[in-house]
Amino acid sequence: MAKNSNPDQLDIFDDWLVFNETATDSITQAKEEDAVIVSIDQSRHRLALRLAEKLDMDGEISSKFLTDEANRAFGGTQAEGIYTSKDAYDAMEVAFNIHLNNTENADWTDQDAAWAKSKASDLTRRIQKLPTQTRRDEEMDEFQQFSTPPALSFVANWVANVKAIDVMAEPSAGTGDLAIWSKIAGAVVVLNELSPRRQTLLAVLFPQSRIFKENAEQLDNVLPTDVLPTV
């Protein structure tokens with residue numbers, strides 16, 4: 001005899017052992033979206049490494065070179081919607097920091113003010129050999145992202161007198177502009193960044209660092225005690 005259906009009785013087998021088509025479609029879509037995100041992250045990484053190689057060789061990147069390499073790394077163009085200008089410029093900022101990590105050393109921590117001033121001027125000249133980002137996207141506005149110029153990043157670290165014995169924490173790490181000089185100095189670097197896109201780039205640039213993914217306004221409430229600043 002056929003089983004009578006009771007609309008008020010919970011059928012646990014239908015609820016969690018048997019996937020309906022909608023659930024299966026949702027899981028498949030989520031996996032596809034995750035795969036796309038991973039692919040884009042890997043493309044940004046490849047682009048950053050390629051641009052860093054160019055900087056190591058001749059110290060400059062043209063707009064055409066950036067576009068051509070981005071198209072190659074992402075397998076398509078901005079016009080086709082394959083990637084955004086922010087993807088390319090984030091990779092370029094990381095590339096410059098990789099370049100600094102490749103070419104600078106920790107002796108900057110022992111230099112006087114005249115040397116630091118000259119270094120800041122040199123960094124300004126070097127950054128002028130890169131394409132200028134002229135447009136802001138929704139993520140930049142939402143997270144209030146403002147990249148710190150390399151010269152200012154250097155000066156901030158020099159004034160802070162960062163040494164190899166220090167722990168440097170960056171609550172809004174972005175693409176690593178401020179933290180890279182502390183890394184070069186040999187300090188322990190602890191990073192926090194809310195943007196998933198930038199988190200993956202930071203993980204490449206700072207493979208030995210702890211990277212948190214919190215709203216910086218809540219850091220004192222959520223960070224583990226071993227990385228909270230002492231008073």
Side-chain angles (χ1 to χ4, degrees), residues 30-103 126-127 129-150 153 170-181 183-184 189-214 216:
K31 288 181 178 179
E32 291 174 348
E33 291 174 352
D34 288 344
V36 170
I37 291 172
V38 169
S39 177
I40 292 175
D41 288 343
Q42 292 173 342
S43 297
R44 278 193 293 263
H45 179 203
R46 286 194 297 270
L47 177 57
L49 291 176
R50 178 67 187 96
L51 297 176
E53 289 177 0
K54 181 73 160 56
L55 287 169
D56 289 348
M57 286 189 296
D58 55 26
E60 65 179 333
I61 293 174
S62 67
S63 295
K64 183 179 185 306
F65 185 87
L66 175 60
T67 299
D68 289 345
E69 290 301 320
N71 291 346
R72 184 175 293 109
F74 289 100
T77 68
Q78 283 189 58
E80 295 169 333
I82 304 299
Y83 68 96
T84 69
S85 62
K86 190 57 182 167
D87 289 319
Y89 279 99
D90 273 358
M92 187 178 67
E93 289 182 15
V94 171
F96 193 80
N97 290 329
I98 294 173
H99 169 62
L100 290 175
N101 193 58
N102 291 342
T103 58
R126 288 161 68 178
I127 207 68
K129 296 180 180 180
L130 304 180
T132 301
Q133 184 173 195
T134 57
R135 291 180 294 176
R136 295 181 60 80
D137 65 7
E138 292 181 2
E139 181 183 284
M140 296 174 73
D141 290 333
E142 179 183 357
F143 293 152
Q144 289 297 290
Q145 295 171 347
F146 296 93
S147 298
T148 308
S153 298
E170 226 294 38
S172 184
T175 53
D177 298 336
L178 277 168
I180 192 63
W181 287 101
K183 179 186 178 184
I184 293 170
V189 176
V190 178
L191 305 173
N192 182 72
E193 174 56 42
L194 192 58
S195 166
R197 174 172 59 187
R198 292 180 162 191
Q199 291 162 7
T200 56
L201 289 171
L202 288 172
V204 172
L205 187 56
F206 300 90
Q208 305 301 320
S209 296
R210 297 174 70 177
I211 302 177
F212 295 91
K213 305 172 182 181
E214 308 292 345

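Side-chain atoms of Glu60 do not come within 3.5 Å of backbone N or O of Lys129 as any donor-acceptor pair. Judged by distance alone, with hydrogens and angles left aside, the side-chain atoms of Lys183 form a donor-acceptor pair with the main-chain N or O of Leu205 at under 3.5 Å. No donor-acceptor pair under 3.5 Å is formed between the side chain of Asp90 and the backbone N or O of Asp87.
Residue Pro150 comes nearest to Ile127 through the heavy atom pair CG-CD1, 3.5 Å, listed as atom of the first residue, atom of the second, then distance. Minimum heavy-atom separation, Ser147 to Arg198: OG-NH2, 3.9 Å. Here the closest non-hydrogen pair linking Thr175 and Glu93 is OG1-OE1, 2.7 Å. Pairing each heavy atom of Gln199 with each of Glu193, the nearest pair is NE2-O, 2.7 Å. Closest approach of Leu47 and Ala70 over heavy atoms only: CD1-N, 3.7 Å. Heavy atoms only, all atoms of each residue included: Ala95 and Leu51 are closest at CB-CB, 3.5 Å.
For Asp56, the side chain to side chain donor-acceptor pair (under 3.5 Å) partners at least two apart in sequence or on another chain are His99, Asn102. Residues satisfying the ring-ring contact (aromatic ring centres under 6.0 Å, His included) criterion with Tyr83, sequence neighbours excluded, are Phe74. In this structure, the side chain to side chain contact (heavy atoms under 4.5 Å, CB included) partners of Ser153, at least two apart in sequence or on a different chain, are Thr148, Asp177, Leu178, Trp181. Every residue meeting the salt bridge (Lys or Arg N to Asp or Glu O under 4.0 Å) condition with Asp68, not counting sequence neighbours, appears here in chain and number order: Lys64. Residues passing the side chain to side chain contact (heavy atoms under 4.5 Å, CB included) test with Pro131 are Ile61, Ser63, Leu66, Tyr89, Met92, sequence neighbours excluded.
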Intermediate values then yes/no, side-chain contact (heavy atoms from CB on, under 4.5 Å), Ile82 and Thr77 | CA-CA 6 Å; Ile82 304 299; Thr77 68; 5.5 Å; no
Q: I would like to know whether Thr103 and Leu55 meet side-chain contact (heavy atoms from CB on, under 4.5 Å); could you show each step before the answer?
A: CA-CA 10 Å; Thr103 58; Leu55 287 169; over 6 Å; no
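Within the 4.5 Å cutoff, the side chain of Arg197 has heavy atoms near those of the Arg44 side chain.
The distance from atom CZ of Arg50 to atom NZ of Lys54, rounded to the nearest 0.5 Å, is 8.0 Å.
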Distance-only criterion, 3.5 Å: show the donor-acceptor pairs between side-chain atoms of residues 207-214 and protein atoms not counting sequence neighbours.
| from | atom 1 | to | atom 2 | distance (Å) |
| --- | --- | --- | --- | --- |
| Ser209 | OG | Val189 | O | 3.1 |
| Arg210 | NH1 | Asp226 | OD2 | 2.7 |

